[in-house]
Protein chains: 4
Amino acid sequence: MIQDAAGTGDKRDAILRAALELISERGFHNTPVSLIASVSGVSAGIIYHYFDSKDELIQALYGEVKLDMMRSITLGYSTDLPYRERFDLFWNNSIRHVLSHPEQAKFLEQFENSSFVEPTLPNAVMVEVNRIIEFYTDGVADGVLRDLPVPVLLSLSTGVAASLLKQHVAGALVLDEDLSAVAVDACWDAISA
Amino acid sequence: MIQDAAGTGDKRDAILRAALELISERGFHNTPVSLIASVSGVSAGIIYHYFDSKDELIQALYGEVKLDMMRSITLGYSTDLPYRERFDLFWNNSIRHVLSHPEQAKFLEQFENSSFVEPTLPNAVMVEVNRIIEFYTDGVADGVLRDLPVPVLLSLSTGVAASLLKQHVAGALVLDEDLSAVAVDACWDAISA
Amino acid sequence: MIQDAAGTGDKRDAILRAALELISERGFHNTPVSLIASVSGVSAGIIYHYFDSKDELIQALYGEVKLDMMRSITLGYSTDLPYRERFDLFWNNSIRHVLSHPEQAKFLEQFENSSFVEPTLPNAVMVEVNRIIEFYTDGVADGVLRDLPVPVLLSLSTGVAASLLKQHVAGALVLDEDLSAVAVDACWDAISA
Amino acid sequence: MIQDAAGTGDKRDAILRAALELISERGFHNTPVSLIASVSGVSAGIIYHYFDSKDELIQALYGEVKLDMMRSITLGYSTDLPYRERFDLFWNNSIRHVLSHPEQAKFLEQFENSSFVEPTLPNAVMVEVNRIIEFYTDGVADGVLRDLPVPVLLSLSTGVAASLLKQHVAGALVLDEDLSAVAVDACWDAISA
DNA sequence: AATGAATGAGCCTTCATTCAT
DNA sequence: TATGAATGAAGGCTCATTCAT
């Protein structure tokens, strides 16, 4: 997905792209394979050449989308930066990625809230996830962040961002740069020591 | 729902209760009307006497669940209480209700994340919603809370609670009284002036 | 099947009857459920009300057909009759039943030659089967039949009847009373001591 | 099949061999062309270079298998031999061939019991078939065999052999040399004058 | 000759909804 | 009110066959 401009994989890619668009909009159970096929310009049969089943198609899509999002979030991250700057980087990357890829956000939310068996995340994803976790554990160890369990710190930061983005998408607020800036300040107050 | 004196409505109630249980567990599209019927001990046909369609059943369920939850959250609320106590009341009521009614939380999340047309909330629900909004607007006006748009304040408080609860349900953390207490403190830091 | 002139079971019966006719003529894999439905005058969906799957439908049909045939073959059988008369009775009953129910014969042959898991025969069927086996074991014990394993005696009698019937159906011969009479004589020569 | 010098036909042969193996085991309708292709190590497309359709492939296979079997059965046959020895030769050849080529037997049985249009047997096959028929007509004319229609004589001999073999394959008996010997005696009793 | 991606018709099965009773 | 048999429209998937390469 995303890459592979032409040649083999073109079709597989078109299928994944159409699936992402459709499922994020209509939901998994409301997106027949035949619709994915027609939107991506292929026959229904060929989908089973690239994926074993509709379910496997979703799983594959999840893996690709998750990786894409995690890499966006940690883009430019370095332990050389001060904590506050690293926090801002995560925050801004997240906001930017979701605003420019709302289908990905909707899809991931659906998938992770559904009764799908969440596959073990591939290493490539875990690498990024670990950088984020490391940020919080190091921050606590260095006395920069409050001594709270990492999941709580995540709720106080990522959880807020997610909530803001949801409201933005729903139209309850407009998440512009200014609003984002005050929100990130408030979050930092919540997590910093 | 839940209550209902006796006689008429008994059956309607049983249907709604079964639907809530099943849908929260299996999802809307994975819950056939026939299953709701058999679990609630009625025939499939009679469901169409009480509801025009499967969709309408869901909508009705949403209204009842939403009201039940909002009333729980504002239980004991009074503008006579100091701001911080009111905030704690919302917080504790929310945590308590979700922990004791996880099906409701799961159902609402599914519903509000789905492509269902969200119906206009009935007045009874709006009454409770308005008390919450009022808390924030008054708090800002009185200089107790930061001068941020209400939706942002909501993300910084309700959003955090929701995130914590989700992680609790997923097993990522155990949301006991202590953890809840430190989290509410952190949230207060984030929203108070 | 066969019985149940009216009332409940009518439809189930019609389905089984159509399935027998169609499958014996066209084969299992060439007989779509939709065709069984239209021939029996019901909708495709209702078939799954009476049977769990196409496979189970076949299994049920097998059970009913097998029982019907076995009962026809042993009709009028009694250990009071002399061995030769009992043998003639089996022989004539078999011929008569197959000639008047060729679909049953074709269906059973297909089923028993297929890779279906042959279900354990129900007791009702085993009762009839045992009477036949008993005939051979007793006959050997009483010195009336050659001292050969029962399966071999079966091949020398039942096997010949089956072969003749197959040729009759294929048009290679006409199995009239006279031919049947000389054949049964020859078979008796083959198995009698 | 089986033979074929080298080069051209190699692939056609591999296809037929795989088809025989697979179809005898899984049945015609349960053997996709794609499976025949992968087992025989060729592409699915090329099969349509050698055969016009899946059906034609089966018909061709039938012709080759039938010829192979008939030639095995008449191997060593000569009108110079006494009738009883010729009969034993047919019998033993049949048993031997089927025991060493069970796939062929299974395939032929399926084919001949199916609703395939049985093709006119090629001359090469008819030559062998005629030698067998001639054996019976001559035997009757010479007073060695009972004066019965050839098909009846066939049922009394070939039919018995087929039945025994089926039971052997099904595990109902073990067709060793001794059992074969007593069975052939019994059959001879049934057909000899 | 050969490959294997691609097509599209058809199959089994599910399920929301209706209707005779 | 209440039942549950019945319908019919999809939906996921398979597979014989074609075709660009």
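No hydrogens, no waters, no symmetry mates; every other heavy atom, side chains included, goes into these values. Per chain, numbering begins at 1; letters A, B, ... match sequence-line order.
Atom CZ in A:Phe28 sits about 11 Å away from atom C1' in F:dG11, given to the nearest Å. Atom CG in A:Leu57 sits about 15 Å away from atom C1' in F:dG11, given to the nearest Å. At whole-Å resolution of the value, NE2 in C:His49 and P in E:dC15 are 16 Å apart. Separating the CG atom of B:Leu35 from the P atom of E:dT17 is a distance of 16 Å, rounded to the nearest angstrom. Following rounding to the nearest Å, D:Glu56 (CD) and F:dT17 (C1') show an atom-to-atom distance of 14 Å. The interatomic distance linking A:Ile23 (CD1) with F:dG11 (C1') rounds to 14 Å, in whole Å. In this structure, CG of D:Asn30 is placed 15 Å from C1' of F:dA16, rounded to the nearest angstrom. When the P atom of F:dT14 is taken as reference, atom NE2 of C:His29 falls 15 Å away, rounded to whole Å.
Scored by the ring pair (Phe, Tyr, Trp, His ring centres under 6.0 Å) test, D:Phe116 finds D:Phe28, D:Phe111 as partners (sequence neighbours excluded).
Inter-residue side-chain proximity for D:Glu103 and D:Phe107 is flagged as unmet; no heavy-atom pair is nearer than 4.5 Å.
Among the duplex regions that DNA chain F forms, those built from at least three successive Watson-Crick or G-U pairs under 3.5 Å are E:2-21 with F:2-21, ordered by first number.
Look at D:Glu112 and D:Lys66 and you find a salt bridge, because one of the NZ, NE, NH1 or NH2 atoms lies within 4.0 Å of a carboxylate O, short of that distance. Classification of D:Glu64 and D:Arg17 as a salt-bridged pair fails, no side-chain N sitting under 4.0 Å from a carboxylate O. Between D:Glu21 and D:Lys106 there is no salt bridge, since no side-chain N of the basic residue sits under 4.0 Å from a carboxylate O of the acidic one.
For E:dA1, the OP1/OP2 oxygens have no side-chain nitrogen or oxygen of D:Lys11 closer than 4.0 Å.
A donor-acceptor pair under 3.5 Å is formed between the side chain of A:Asn113 and the backbone N or O of A:Glu109.
One finds the OG atom of A:Ser40 at 9.0 Å from the CG atom of A:Leu35 (value rounded to the nearest 0.5 Å).
The side chain of C:Lys54 approaches E:dC12 more closely than any other nucleotide in the set E:dA16, F:dG12, E:dC12.
Along DNA chain F, the nucleotide nearest to D:Val33 and the one nearest to A:Tyr48 differ in position, and the one closer to the 5' end is contacted by A:Tyr48.
When all heavy atoms of A:Leu22 and A:Ile36 are compared, the closest pair comes out as CD1-CA, 3.7 Å. Nearest heavy-atom pair across A:Ile23 and A:Gln110 is O-NE2, 3.0 Å.
Among the heavy atoms of the strands lying under 4.0 Å from C:Tyr50 are primed sugar atoms or P, OP1, OP2 only; no base atom is included.
Within residues 36-47 of chain C, the residues that have a heavy atom under 4.0 Å from DNA chain F are, in order of number, C:Val42, C:Ser43, C:Gly45, C:Ile46.
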